[in-house]
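In what follows, a structure is listed as structure tokens, so that the remarks can point back to it.
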Amino acid sequence: MAIKENALGQRVSDVRNKEGLSQEEFAEKLYLSREYVAMIETGKRSPSLSTVIDIANTFHVSTDSILADSLEHPLSIEESEICHLLMGCTPKETAIIIHMVKELVHILNELAI
């Protein structure tokens, strides 16, 4: 399956915007050129595997969330939507949301729903 450069570029852009960084600042953190980041974000270039991993590690996101649209066995629409929403959260917010979901699942199981 081919990489969907436009979707991947949008996800990279979302990560950068969540951090409130310019393309230049984002590129500096990853030791890349601003031009390369711009080409990734516009879908003109695909990032290397090491760049995807660097983005994930530097900005605390999963590689799946970056590559979701290019995977042969992608997450369901609901899972993808949840991942996309969580990308916009701080680590503390993510932990709170996960805790709330676990509690909700427990309640639903008790109610046999």
Side chain to side chain contact (heavy atoms under 4.5 Å, CB included) filter on K44, not counting sequence neighbours, yields M39, T42
Can you pull out every ring-ring contact (aromatic ring centres under 6.0 Å, His included) where at least one residue sits in residues 29-58? Sequence neighbours excluded, please.
none
Pairwise distance CG(L49) to CG(D54) - rounded to 0.5 angstrom
9.5 Å
Taken in chain and number order and not counting sequence neighbours, the residues that satisfy salt bridge (charged side-chain N to carboxylate O under 4.0 Å, His left out) with R45 are none
Residues at least two apart in sequence or cross-chain that pass side chain to side chain contact (heavy atoms under 4.5 Å, CB included) with E28, listed by chain then number, are E24
Count I, L, V, M, F, W, Y as connected when their side-chain heavy atoms are under 4.5 Å apart, and connections chain through other members. Are I82 and V101 then in the same cluster?
yes
Going from CG on L30 to OG1 on T58, what distance comes out if it is rounded to the nearest 0.5 angstrom?
5.0 Å
Please confirm whether the backbone N or O of Q23 pairs with a side-chain atom of R34, one donor and one acceptor, at under 3.5 Å?
no
Charged N-O contact under 4.0 Å between E19 and K29
no
Over all heavy atoms of both residues, which pair between N6 and G43 is shortest? Give the atoms and the distance, please.
OD1-CA, 3.5 Å
Which atoms form the tightest heavy-atom contact between V15 and F26, and what is the distance?
CG1-CE1, 4.3 Å
For Q10, give me all partners under side chain to side chain donor-acceptor pair (under 3.5 Å), at least two apart in sequence or on another chain.
D14
Go through the structure and list residues passing side chain to side chain donor-acceptor pair (under 3.5 Å) with N17, not counting sequence neighbours.
S13
Going by heavy atoms in the side chains, are L8 and S46 under 4.5 Å from each other?
no
Any pair with a residue in residues 101-113 that passes salt bridge (charged side-chain N to carboxylate O under 4.0 Å, His left out), sequence neighbours left out, goes on the list, sorted by first then second residue, please.
none
Using atom types as modelled, flag every donor-acceptor pair under 3.5 Å from a side chain in residues 85-100 to any protein atom, sequence neighbours excluded.
from: T90; atom 1: OG1; to: E93; atom 2: N; distance (Å): 3.1
from: T90; atom 1: OG1; to: E93; atom 2: OE1; distance (Å): 3.4
from: E93; atom 1: OE1; to: T90; atom 2: N; distance (Å): 2.8
from: T94; atom 1: OG1; to: T90; atom 2: O; distance (Å): 3.0

To the nearest 0.5 Å, what is the distance between CZ (R11) and CD1 (I66)?
9.5 Å
Listed by chain and number, what are the side chain to side chain contact (heavy atoms under 4.5 Å, CB included) partners of L111, not counting sequence neighbours?
I107, I113
Just to verify, what does S62 make a side chain to side chain donor-acceptor pair (under 3.5 Å) with, not counting sequence neighbours?
S65
